[in-house]
Amino acid sequence: MSEKLIYKVVFVNQDQVYEIYAKNVYQGDLYGFIVVEDFVFGEKSAIVIDPAEERLRVEFEGVNRSFIPMHEIIRIDQVKKKGVAKIIAQTDSGKSSGKVSTLYSPDKK
């Protein structure tokens, strides 16, 4: 009867939008950071491998938990089934596409 929860976390990282799936998401003790643990990726034994998901698997390989700045989080959803993890590049060489924008960016001096 216990339902296994999966969370879809969408966040901005270096002018790219990451969409990943994890089993645990919570506010960390480090102020201003969201902790994401137990990443969920597709099965390695599958015949067809998605290159975008494989890139994320390699990037997060060996990572136990990731601390994501709260102001970079776009959305966190509790989902019933895992989807495809992916990286979406923002258009116009880093400029906001109108659909995704950061909440805060410090002044560069």
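Computed from heavy atoms alone, side chains included, the values below leave out hydrogens, waters and symmetry copies.
At a threshold of 4.5 Å between side-chain heavy atoms, the hydrophobic network of Ile, Leu, Val, Met, Phe, Trp and Tyr places I76 and Y26 in two separate groups. F11 is not connected to F33 by any chain of hydrophobic side-chain contacts under 4.5 Å among Ile, Leu, Val, Met, Phe, Trp and Tyr, and they are in different clusters. At a threshold of 4.5 Å between side-chain heavy atoms, the hydrophobic network of Ile, Leu, Val, Met, Phe, Trp and Tyr places V58 and F60 in two separate groups.
Atom-to-atom distance recorded for I20:CD1 and E59:CD is 9.0 Å, nearest 0.5 angstrom. Distance check, rounded to the nearest 0.5 Å: CD1 of I34 to NE2 of H71 gives 12.0 Å. Taken to the nearest 0.5 Å, the NZ atom of K80 stands 12.5 Å off from the CD1 atom of I6. Distance CD/Q78 to CG/L5: 4.5 Å, rounded to 0.5 Å.
Across all non-hydrogen atoms, the minimal contact from E37 to A22 is O-CB, 3.3 Å. Of all the heavy atoms in K81 and Y21, the pair that sits closest is O-CE2, 4.4 Å.
Screening V63, V9, L56 for a side chain to side chain contact (heavy atoms under 4.5 Å, CB included) involving F39 leaves a single residue, V63.
Under the 4.5 Å side-chain criterion, counting only non-hydrogen atoms from C-beta, E19 is in contact with K8. Using a 4.5 Å heavy-atom cutoff, the side chains of V12 and I74 are in contact. Under the 4.5 Å side-chain criterion, counting only non-hydrogen atoms from C-beta, I87 is in contact with R55. You'll find the side chain of F67 stays beyond 4.5 Å of the side chain of V36, heavy atoms only. Side-chain contact between R75 and D77 is present, with at least one heavy-atom pair separated by less than 4.5 Å. Taking the side chain as every heavy atom from C-beta outward, Y18 and K86 never approach each other to under 4.5 Å.
Heavy-atom neighbours of Q27 CD from other residues, nucleotides or ligands within 6.0 Å: at or below the threshold of 12.
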